[in-house]
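Here is how names work: the chains are called A, B, and so on, in the same order as the sequence lines, proteins then strands, and each is numbered from 1.
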2 protein chains.
Amino acid sequence: MTIGRPRAFDTERAIVQAMRLFWRNGYEGTSLSDLTDELGIARPSLYAAFGNKEALFLKVLDRYDRETYHFIQAALDAPTARALAERLVYGACAFHSDPENPPGCLMVHGALIGGEASASVRKETNHRRSLLRHRIADRLRRAKLEGDLREDADPVALSAYLVAILRGIAVEAASGAQPEDLRAIADIAMTAWPDRKAA
Amino acid sequence: MTIGRPRAFDTERAIVQAMRLFWRNGYEGTSLSDLTDELGIARPSLYAAFGNKEALFLKVLDRYDRETYHFIQAALDAPTARALAERLVYGACAFHSDPENPPGCLMVHGALIGGEASASVRKETNHRRSLLRHRIADRLRRAKLEGDLREDADPVALSAYLVAILRGIAVEAASGAQPEDLRAIADIAMTAWPDRKAA
DNA sequence: CCTCTTGTGTATCGATCGGTATATAAAGGG
DNA sequence: CCCTTTATATACCGATCGATACACAAGAGG
């Protein structure tokens, strides 16, 4: 079938292992030696399979969005605006409380800042973060049309607020906050959500 | 008076210049060459004046807390709990909207994550972040005693919420959010603040 | 002037960074 | 068996990392 020597490692498994490293130590904080040590493969194998460090990180981002940070999609599928908000903030609490997950959020910690060498990677994570806000805003606009969000509510402002809460929870979790601390934040955050009746 | 050759640069000015570099590119993202280029001094002069990179960063953190991130102190001096919250969230908006300031928050971006080389620096910024939450919680406890915060309000939870909002605003600002976006977040965040009357 | 003390400039240290050249090993096709 | 193709392992590349050894310059005190 496939010609040539077969690959001696599982690329999907390698991406997950790389994701955990980037997640914990950031893009610049994770060296090629860290990666090859953790993955148990030699350097040229990694380059042959993924291209280079940046390309591997992009693959990791895709995997993170698609299969790890998936409470976002569950939230966007919620039937009402309030359910969307609840699934977002409490989903973030559960996500960042899961001891299986490294602390914080890969999208925030992975490449929020750094030197000029990681500028393109930073741009990509920035883009994905703003994309999330737009997806939430679109869903809230639809909620207004469907009548489960007040007429005077501002979808753009509310989506910015929700995303800010997610970032705040992620940073606090990375700083060592306990699950109950995160839930307290989410509880208070939800009291700001507009009810169906006018003010 | 002082014996020996006089220093040819202003250490206070150098700390401010170093702060802006660390603020913009993070601790690990700022190299010694970046620092010496920006400060216009040679490498041994920097080491003689500040010790090493980590010691310089700690001096920068002190300066940031004391003279740059000072809206925090103004908030803690507020007469009421609600005024505290308002000064915090709107102060953060103004702070992160000021075009004179690099994007984001030095305490968050400077050393939120990284390799093992910056572990001690990360521990220090973590400590300072948790210190802020405790100072706010203490102020809110006093507010309850003084009667301008509802009896059933939880100072610890509210302080965690406020800090999370600050982190969220900082991350969004670093991601390129506009001043009006930040104010929208703050406006909604404040609607979660408990009124004096019971629910 | 000389000495002492401290800061400056050059040139460099070993370690590590991301990335590769080269040779060899393991499969399929003939 | 040989040839092609792909993956592996060793060893290495130039560049940069944080940090210094060394010699010299600039002031104070004698």
Side-chain angles (χ1 to χ4, degrees), chain A residues 1-15 17-18 21-22 24-61 110-111 113-122 124, chain B residues 1-15 17-18 21-22 24-61 110-111 113-122 124:
Chain A
M1 200 58 177
T2 54
I3 206 166
R5 178 174 177 173
R7 184 171 283 122
F9 65 98
D10 182 356
T11 57
E12 283 303 308
R13 175 180 162 85
I15 288 177
Q17 291 174 300
L21 277 181
F22 283 131
R24 194 173 290 277
N25 297 2
Y27 178 73
E28 289 191 320
T30 305
S31 71
L32 264 296
S33 298
D34 293 335
L35 288 166
T36 54
D37 286 355
E38 178 75 16
L39 274 59
I41 64 178
R43 205 166 289 211
S45 298
L46 191 149
Y47 275 83
F50 304 109
N52 59 10
K53 186 185 178 184
E54 178 177 338
L56 172 59
F57 186 74
L58 294 182
K59 284 191 172 61
V60 162
L61 283 185
I113 212 169
E116 296 184 6
S118 63
S120 64
V121 167
R122 217 155 47 242
E124 174 64 21
Chain B
M1 200 57 180
T2 55
I3 206 166
R5 179 173 176 170
R7 185 170 283 123
F9 66 97
D10 181 356
T11 57
E12 283 304 308
R13 175 180 163 86
I15 287 177
Q17 290 174 301
L21 278 182
F22 283 130
R24 193 173 293 276
N25 301 106
Y27 178 72
E28 289 191 321
T30 304
S31 71
L32 263 296
S33 297
D34 293 334
L35 288 166
T36 53
D37 286 355
E38 178 75 17
L39 274 59
I41 64 178
R43 201 163 267 173
S45 299
L46 192 150
Y47 276 83
F50 304 110
N52 59 10
K53 187 186 177 184
E54 178 178 339
L56 171 59
F57 186 72
L58 295 182
K59 283 190 170 62
V60 162
L61 283 185
I113 211 169
E116 297 185 4
S118 63
S120 63
V121 167
R122 218 157 45 243
E124 174 65 20

Self-check item: No-H, no-angle donor-acceptor pair, B:Arg43 side chain to C:dG9 base, under 3.5 Å
Solution: no
Practice problem: In whole angstrom, give the distance that lies between atom CG of A:Leu21 and atom P of C:dG18. | Solution: 12 Å
Practice problem: State, to 0.1 Å, how close B:Gly26 and A:Ile113 come at their nearest heavy-atom pair, and which atoms those are. | Solution: N-CD1, 4.0 Å
Quiz item: How close do B:Glu28 and B:Ser118 get, heavy atom to heavy atom, and via which atoms?
Solution: OE2-OG, 3.2 Å
Exercise. Compute the bend angle of the helix from C:dC1-D:dG30 to C:dG30-D:dC1 from the end axes (five pairs per end), rounded to 10°.
Key: 10°
Practice problem: Please round to the nearest 0.5 Å and tell me the distance separating atom CD1 of B:Ile41 and atom CG of B:Leu35. | Solution: 8.5 Å
Quiz item: Hey, can you pull the residues of residues 51-59 of chain B with a non-hydrogen atom under 4.0 angstrom from DNA chain D?
Solution: B:Asn52, B:Lys53
Nucleotide N/O of nucleotides 4-7 of chain D paired with protein N/O under 3.5 Å:
| unit_1 | atom_1 | unit_2 | atom_2 | d |
| --- | --- | --- | --- | --- |
| D:dT6 | O2 | A:Arg5 | N | 3.2 |
| D:dA7 | OP1 | A:Arg7 | NH2 | 3.0 |
| D:dA7 | O4' | A:Arg5 | O | 3.4 |

Practice problem: Grab the CZ-P distance between A:Phe50 and C:dT20 for me, whole Å please. | Solution: 16 Å
Self-check item: A:Thr36 OG1 to A:Glu38 CD distance, which is reported to the nearest 0.5 Å
Solution: 10.0 Å
Quiz item: Are A:Leu46 and A:Leu32 side-chain neighbours, meaning at least one heavy-atom pair lies under 4.5 Å?
Solution: yes
Quiz item: Just by distance, do the side chain of B:Thr30 and the backbone of B:Leu21 share a donor-acceptor pair under 3.5 Å?
Solution: yes
Quiz item: Is it true that a side-chain atom of B:Lys53 and a backbone atom of B:Ser31 form a donor plus acceptor pair closer than 3.5 Å?
Solution: no
Self-check item: side chain to side chain contact (heavy atoms under 4.5 Å, CB included) against A:Arg5, all qualifying residues, sequence neighbours excluded
Solution: none
Self-check item: Residues that A:Ser120 engages under side chain to side chain contact (heavy atoms under 4.5 Å, CB included), provided they are two or more places apart
Solution: A:Glu54
Quiz item: Are the side chain of B:Arg122 and the backbone N or O of B:Gly115 linked by a donor-acceptor pair below 3.5 Å?
Solution: yes
Quiz item: Nearest 0.5 Å, what's the CZ-OG1 distance between A:Arg13 and A:Thr11?
Solution: 12.0 Å
Practice problem: Could you state the atom-to-atom distance from OH of A:Tyr47 to P of D:dC12 in whole Å? | Solution: 19 Å
Exercise. Hey, could you give me the OH/CG distance between A:Tyr27 and A:Leu56, rounded to the nearest 0.5 Å?
Key: 8.5 Å
Practice problem: Indicate yes or no: at least one non-hydrogen side-chain atom of A:Leu61 is less than 4.5 angstrom from one of A:Phe22. | Solution: no
Practice problem: Pull out every residue in residues 24-42 of chain B that has a heavy atom closer than 4.0 Å to any atom of DNA chain D, ordered by number, or say none. | Solution: B:Thr30, B:Ser31, B:Leu32, B:Ser33
